Amino acid sequence: MAADLPEPKGYKRATGGWGSLEGITRVELTAKASPSAALTLKTQNKPGGYMCSSCAWTKPEDPHVFEFCENGAKATLWDLTTARCTPEFFAQHSVSELREWGDYELEKAGRLTEPVRYNPQTDKYERASWDDAFAAIGAKLQRMEPKAVTFYASGKAALEPSYLYALFARAYGHNNLPDSSNMCHETTSVGLKKVIGSSVGTCQMDDFDHVDVIFYMGQNPGTNSPRILHTLQKAVERGCKILAFNPLKEKGLREFINPQNPVQMTVGSPTKLDHMYCQVRAGGDIAALMGVCKRVLQRDGEAQASGADRILDTAFIAEHTHGFDTFIETVRASDWEELERASGITRAEMEQAGDIYADADNVMGIYGMGVTQHVHGAQTIGMLVNLLLLGGNIGRRGAGCSPIRGHSNVQGQRTVGVTEKVSLAPVEKYRELFNLETPQEDGHTTVEFLEATIAGTNKGYIGLGGNLAHAVPDHEQVHRAWGKMELTVHVATKLNTTHCMPGKESWILPCLVRAEEDLQGSGSQWVSMEDSFSHIYGSRSHRSPASEHLKSETAIVCALAKATLGSENPTLVWDEWADDYSRVRDLIAATFPAEFHDMNARMNQAGGFYRGNAARERIWKTDSGKAEFTDPTVLNACGIGDAEGRYHLATLRSNDQFNTTIYGHSDRLRGLSGDRRIIMMRPEDMVKEGLAENDRIDLITDVPADHESADVSRRAVSGFRVVPYDLPRGTLAGYFPELNPLIPLWYHEELSKTPASKGVPVRIEKTA
Ligand SMILES: Nc1nc2c(c(=O)[nH]1)N[C@H]1C(S)=C(S)[C@@H](COP(=O)(O)OP(=O)(O)OC[C@H]3O[C@@H](n4cnc5c(=O)[nH]c(N)nc54)[C@H](O)[C@@H]3O)O[C@H]1N2
Ligand SMILES: Nc1nc2c(c(=O)[nH]1)N[C@H]1C(S)=C(S)[C@@H](COP(=O)(O)OP(=O)(O)OC[C@H]3O[C@@H](n4cnc5c(=O)[nH]c(N)nc54)[C@H](O)[C@@H]3O)O[C@H]1N2
Ligand SMILES: [Mo]
């Protein structure tokens, strides 16, 4: 590094190790978790115990003594805080005041304890009874036009309440059922489905015992799914090569110390994880993968010429795929210089990665938000699948495509009907089981819900979890419109910013967390969820709830549905379902028999049960009936290209947050702390802009004037601190949700409408 360049920041230790234990301890202190919380943790992710409410990584059949990671522990300890956000708390603070606190301070108020209703006269939330809450909300919903109301779900609620929530929405009269997936892996649900006919990953745990090479793209395991590090470590120790594609050199992809291994913890050296690190620029993956494919084709040509074994799996391609010939023409026609420009990595790197692919038997593709949250994210998924298909790497042991999901039951919510798309709803079964004719038109995605709210046509909102107004793009526009809704209802565990933007009538309904016992008339209840690998597990806890007034999500959904729909339809037995959740699981099994048959009996077996995946069996539920090679129409996944002075900003998570829940201000794994209002920037780019470390800058969304959707309002954030960081030229990074005001609502993935949070075009100005 030249002497006049600022020294980039970074974390000196490996992921896992003592640092992760310190992280947990610090959270235990700041979260004020009750002393018995540590005991509760022991049953996390174990058969008979409760399932982690953090990420959706699979739970093994033979769990460790402590089958949780830093983040799972944090999420649980945070849920089990001793702080309480009571009606007395609300009596002391007006909603206008609370709105200024920010999520970090609101979260510290602790667990919500009783239902509260907003009083516009006093500008305060006030204590209310459950009976009054259900009666008032039911009566209000009856007076509203169902299609003007949206039911959001944040990906955490279990399969039972989620199934009933979707049934409630459709019986009421709409398909407005977006969930957090619409800001997350909807690009997968649409994009992966398009090319292999499955909207979820094809890999299973066992594949990691046989995989030779993993293309690991745009996902940060150290921060967001640390339990995966054990699996990666084991694979690497067996000789598997990990090729990381990421603009940031994320510590979790580089080295790991297993905190559950006493020898490695005390005297061992960390396991080096990545074999090769391709520091692509924002959106550079399409071009990078194109270059890799180009090399693979070249190698195949050489093998053919010399009479060696082919690199391509020609039998697989002939039998199982469609579009190969056009695709290879596109690859052959691509130009190395253009690929270098669009990807930000060198031809030599693409060739090296291509050689590693060509020399491997079994290859897996793993990806996360760095892929899905781009305007052309589905095209990146298409390119990754193209690469896998060349070697027949789907539907074979040790190979496949594995999106890493976020919220612990986000995949499961979609599976049981929380979806805005009619084609994915079990319409026939609703007719058969409940004699219900459900609405025919697709409902709102998250972006469409916001557009309708801004336009004034969406007038009601129910949130089953989440902090939606803060997790979405374009805060200024959205926040202005949010409070104009007629009705806002939040089923929640903790207070957050969205709750502090009440609609004309507004309620907060407090619920149990997953680590608390759910007692109903028929006894202590199990709930269930689905992980990233499509395994379904039971979860139960015997811990006493934070307040005697809390209800379960299932009980709340049933009571709201009953109050809204009345008792006209004798097959909708909401009280009985709330009384005994095994009856809800019988309904899920009856609705989705192929996947969920005998659900009650099977969900508590070790490792849960697998609901299957056709693509894994090489049955392709695509338009052509085959796996699709697709030609990308662009080489970079960002929706707005390069221009002088324009940067592309990736908005990310630190290891001290869970989405909008901020645990603290340390991003240990990136060596950063103290402040979340920062922008990471390449030292050379800083010098070019005349910036020194710690200078304050404003970011302004940089939309070209001739852009067809350009609107006039200026989107900006001010006073962010510049931090030198090892990044590719032109790529900036900072934190979500602080930077969300910069993302235009219309700047979303082209097919799925997932907001494009990873390639936001911005320009920089020094703060005045
Ligand atoms: N501790 C913690 N755990 C979590 C969460 C949390 O907030 N905190 N959130 C949960 C949820 S809902 C989700 S969806 C997951 C999210 O988990 P991730 O998918 O890991 O999400 P991000 O933190 O947004 O980071 C994405 C990664 O993509 C990289 N990236 C950015 N742009 C690009 C690009 O153009 N190309 C490539 N190849 N990489 C890029 C970033 O540098 C970063 O390493 O985590 C879940 N787990
Ligand atoms: N710029 C930018 N924006 C992003 C992203 C990004 O990477 N960049 N990521 C996107 C992604 S991947 C996602 S998933 C979304 C997340 O968006 P959301 O799901 O809307 O947000 P969360 O922060 O996960 O929601 C936290 C709130 O949920 C409530 N809660 C917590 N636990 C429970 C529970 O067990 N039950 C109930 N009923 N409520 C509970 C609490 O009140 C808490 O305040 O954000 C998206 N937004
Ligand atoms: Mo997510």
Side-chain angles (χ1 to χ4, degrees), residues 53-57 69-72 74-75 79 103 106-107 112 152-158 161 179-185 216-226 244-248 250 252-253 278 280-285 288 367-374 377 380 403-408 410 446 463-473 490-499 508-514 553 556 636-638 648 650-661 663 727 731 733 735-740 742-743 754-755 757-760:
S53 60
S54 186
C55 79
W57 180 247
C69 64
E70 177 178 357
N71 292 323
K74 277 185 189 173
D79 276 354
D103 286 318
L106 292 177
E107 177 75 29
L112 294 157
Y152 170 73
S154 139
K156 220 171 167 184
D179 82 351
S180 57
S181 180
N182 288 96
M183 298 175 278
C184 185
H185 265 294
Y216 203 105
M217 317 198 60
Q219 206 271 337
N220 182 12
T223 295
N224 295 323
S225 43
F245 288 73
N246 199 311
L248 276 78
E250 300 284 23
L253 287 163
C278 297
V280 288
R281 56 183 291 203
D285 309 84
Y367 65 89
M369 297 300 102
V371 166
T372 62
Q373 294 177 336
H374 273 298
T380 309
I404 303 295
R405 296 271 166 175
H407 274 300
S408 54
V410 63
T446 298
L464 187 59
N467 184 5
L468 189 59
H470 228 200
V472 297
H490 306 278
V491 180
T493 52
K494 301 269 189 73
L495 188 62
N496 65 42
T497 305
T498 305
H499 307 152
I508 304 176
L509 308 178
C511 67
L512 299 173
V513 297
R514 204 177 287 161
E553 288 168 318
I556 295 171
N636 187 288
C638 293
H648 286 96
T651 58
L652 313 171
R653 296 156 167 79
S654 79
N655 81 309
D656 235 3
Q657 74 182 95
F658 193 92
N659 297 336
T660 66
T661 302
Y663 301 127
L727 277 163
T731 299
Y735 299 122
F736 137 63
E738 284 80 354
L739 292 164
N740 285 35
L742 293 170
I743 310 171
T754 306
S757 310
K758 296 294 188 269
V760 189

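Atoms within each ligand, like the ligands themselves, are counted from 1 in listed order. Remember, predicted model here, so these are calculated numbers, not experimental data. Residue numbers count from 1 along this sequence.
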*Would one find an N or O of His374, backbone or side chain, under 3.5 Å from an N or O of ligand 1?*
yes

*asked:* Check this for me - ligand 1, Asn246, N or O atoms closer than 3.5 angstrom, yes or no?
replied: yes

*Which residues satisfy the salt bridge (Lys or Arg N to Asp or Glu O under 4.0 Å) test with Glu250, sequence neighbours excluded?*
Arg670

*Contact with ligand 2 for His470, non-hydrogen, under 4.0 angstrom*: no

*For ligand 2, is any non-hydrogen atom under 4.0 Å from Cys511's backbone (N, CA, C, O), its side chain (CB onward), both, or neither?*
side chain

*Sequence neighbours left out, what passes ring-ring contact (aromatic ring centres under 6.0 Å, His included) with Tyr152? Give chain and number order.*
none

*Are Asn467 and ligand 2 in contact, using a heavy-atom cut-off of under 4.0 Å?*
yes

*For Lys758, is at least one N or O under 3.5 Å away from an N or O on ligand 1?*
yes

*asked:* Does any N or O of ligand 1 fall below 3.5 Å from an N or O anywhere on Val280, backbone included?
replied: no

_Arg514 to ligand 2, any heavy atom closer than 4.0 Å_ = no

*Strictly under 4.0 Å, does any heavy atom of Leu739 approach an atom of ligand 2?*
no

*With the side chain counted from C-beta on, respond yes when Cys184 and Thr754 share a heavy-atom pair under 4.5 Å apart, and no when they do not.*
no

*Does Thr223, backbone or side chain, put an N or O under 3.5 Å from an N or O of ligand 1?*
yes

